[in-house]
Amino acid sequence: MSTHDTPLHPTFEVLAVMRMSPLLEPLLRAQCTVHDRLHEADPAAFEAVAPRIRGIAASGESKVGAELMDRLPALEIISVMGVGYDGIDVAAAKARGVIVTHTPDVLNDDVADLALALMLAGSRQIVAADRYIRDGKWSGGPMPLARKLSGSRLGVVGMGRIGQAIARRAQAFDMPVAYHTRQPKPGLPYPHIASLVDLAARSDVLVVITPGGAATRHLINAEVLAALGPQGLLVNVARGSVVDETALIEALESGALGGAALDVFAEEPNVPERLRALPQVVLTPHIGSATNSTRGAMAGLAAENLRAKAAGEAVVTAVPECR
Ligand code: NAP
Ligand code: 8YV
């Protein structure tokens, strides 16, 4: 009999609210009884099992609000396979004695690598260059010249685990780094700039890597984009909500901003047609952590947090509010 058929903790019932990664699903099914998006697929069946649900498996993009928690009186844990948990109502979870866990650190390298890839793609027109050859334009002459990345000034908005990994990589490109956060980070060799507009004004490339949610909503607004300027490049690997997408499109269309390279969007998976039409924009579909090894490590940690809860042990990586 496979582990799939005999979960270690069959009475620990988990509602998966996300489309489960194939790397996560077998780990969860080996541990507990899993109901895959049953609340959406079969509301009547869900009503029957809801009183027994003790865990929720979610992704960094999942939305779990008080309304769903109210329907799950036995809920003990929300395990997010992702470091960002802005879609989870943590206050509502805490009020119900529910712990929220996430998967920090294991994805730092991948997200930082993607940020560098987007910085390079945005400044050196990598996507447009690829298209130039495929469209048969090379024989008609060379492409327009691009912007140099090495030695240009990098502003990092958010200087946590991933921001620091981005800054370290940028040093190999001889890029002077400065950053903006609410509190300066002691011990870092980069200047802290208290004003985000000032940071944008002194940057050639501005990388956004804060959490999402209400506290950072539209942090990158028209004023910040204007300060970054017509030669500036905005890179967003944080959350779509952090950037005022309408202001971004207007700045790009008017030439007030030079370019953008974006992994995250306001209404994923929908990307506005106006944004998709702009040649000075590079777009990726929220792939910051999307490698086999990193998603495997995230799945392992997300499953381990559920396993620990089911076994009555301490979870490994609770979010800061739940520690
Ligand atoms: P982290 O270690 O908690 O760092 C977050 C940083 O953001 C801290 O330096 C924090 O400093 C700063 N910050 C928070 N609120 C801010 C505000 N209002 N203004 C300015 N700075 C603010 O988090 P992390 O592990 O680096 O992850 C960061 C985020 O990246 C995640 O929450 C997630 O949204 C995103 N992410 C995206 C992908 C992807 O696939 N694209 C993958 C992983 C993560 P202060 O508290 O001092 O302000
Ligand atoms: C993933 C992310 O998109 O970790 C995060 O916060 O945004 C990404 O790693 C996702 O959460 C994978 O489940």
Side-chain angles (χ1 to χ4, degrees), residues 16-25 57-64 79-88 90 100-118 155-168 179-188 190 192-197 199-200 206-221 224 235-243 261-265 268-269 283-303 317 319-321 323:
V17 297
M18 75 228 273
R19 184 197 302 233
M20 269 184 294
S21 151
L23 297 167
L24 178 65
E25 186 166 1
S59 75
E61 293 93 330
S62 298
K63 308 264 179 278
V64 181
S79 171
V80 178
M81 182 179 147
V83 66
Y85 53 94
D86 46 288
I88 314 297
V90 178
V100 181
T101 63
H102 66 154
T103 60
D105 285 318
V106 293
L107 41 56
N108 296 350
D109 283 345
D110 270 2
V111 185
D113 289 354
L114 185 76
L116 266 290
L118 289 176
V156 183
V157 185
M159 190 48 97
R161 293 167 291 245
I162 302 171
Q164 290 175 43
I166 294 170
R168 283 195 300 275
Y179 73 100
H180 170 78
T181 50
R182 291 167 300 181
Q183 297 299 323
K185 305 284 163 210
L188 291 181
Y190 324 111
H192 176 260
I193 311 298
S195 155
L196 176 51
V197 173
L199 177 70
L206 193 68
V207 175
V208 187
I209 186 64
T210 63
T216 55
R217 184 175 156 75
H218 292 186
L219 199 60
I220 307 299
N221 57 21
V224 174
V235 176
N236 188 8
V237 285
R239 284 287 183 267
S241 60
V242 187
V243 174
L262 310 168
D263 187 46
V264 285
F265 304 90
E268 296 175 9
L283 306 167
T284 54
H286 202 147
I287 57 168
S289 65
T291 66
N292 267 306
S293 58
T294 291
R295 285 284 167 84
M298 292 163 68
L301 197 45
T317 44
V319 302
E321 297 91 322
R323 278 176 213 153

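We count ligands from 1, going down the list as the structure has it; atoms in each ligand are counted the same way.
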To which of [options] does the heavy atom nearest [atom] belong?
atom	options	result
atom 11 (O) of ligand 1	K185, H180, R182, Q183	K185
atom 3 (O) of ligand 1	R161, R217, R239	R161
atom 36 (N) of ligand 1	L118, V237, L196, L262	V237
atom 7 (O) of ligand 1	A165, P211, A290, G60	P211

For ligand 1, find out whether one of its N or O atoms is nearer than 3.5 Å to an N or O atom of [X].
X	answer
M159	yes
N108	no
L107	no
I287	no
I162	yes

Distance from [X] atom [atom1] to [Y] atom [atom2], nearest 0.5 Å?
X	Y	atom1	atom2	answer
K185	H192	NZ	NE2	8.0 Å
N292	L23	CG	CG	6.0 Å
R295	L24	CZ	CG	11.0 Å
D263	I209	CG	CD1	9.0 Å

When you measure from [atom] to every protein heavy atom, which one gives the shortest distance, and what is it?
atom	result
atom 19 (N) of ligand 1	L219 CD2, 3.7 Å
atom 35 (C) of ligand 1	A238 O, 3.6 Å
atom 21 (N) of ligand 1	T181 CA, 3.6 Å
atom 4 (O) of ligand 1	G160 CA, 3.3 Å
atom 30 (O) of ligand 1	I209 CD1, 3.1 Å
atom 44 (C) of ligand 1	V83 CG1, 3.2 Å
atom 42 (C) of ligand 1	V111 CG2, 3.4 Å
atom 29 (C) of ligand 1	T210 O, 3.4 Å

Legend entry - Non-hydrogen atom of P104 closer than 4.0 Å to ligand 1: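 The answer is no, since P104 has no heavy atom less than 4.0 Å from ligand 1.
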Inset, instruction - Decide whether the shortest distance between a heavy atom of Q164 and an atom of ligand 1 is less than 4.0 Å. - result: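 Outside the 4.0 Å threshold, so no.
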Legend entry - Donor-acceptor contact present, side-chain H286 to main-chain V264, <3.5 Å: no
Inset, instruction - Please confirm whether the backbone N or O of F265 pairs with a side-chain atom of E268, one donor and one acceptor, at under 3.5 Å? - result: yes
Legend entry - Residues forming a salt bridge (charged side-chain N to carboxylate O under 4.0 Å, His left out) with D109, sequence neighbours excluded: R169
Which of the ligand 1 atoms, numbered from 1, are nearer than 4.0 Å to a heavy atom of [X]:
X	result
H286	39 (C), 40 (O), 41 (N)
T216	15 (N), 16 (C), 17 (C), 18 (N)
G158	6 (C), 7 (O), 9 (O), 12 (C)
S289	40 (O)
A215	18 (N)

Inset, instruction - Select all protein residues for which some heavy-atom-to-ligand 2 distance is less than 4.0 Å, and list them by chain and number. - result: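 Residues near ligand 2: S59, G60, E61, M81, G82, V83, G84, L107, R239, H286, S289, R295, M298.
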Legend entry - From V243, V157, T210, residue fulfilling side chain to side chain contact (heavy atoms under 4.5 Å, CB included) relative to T216: T210
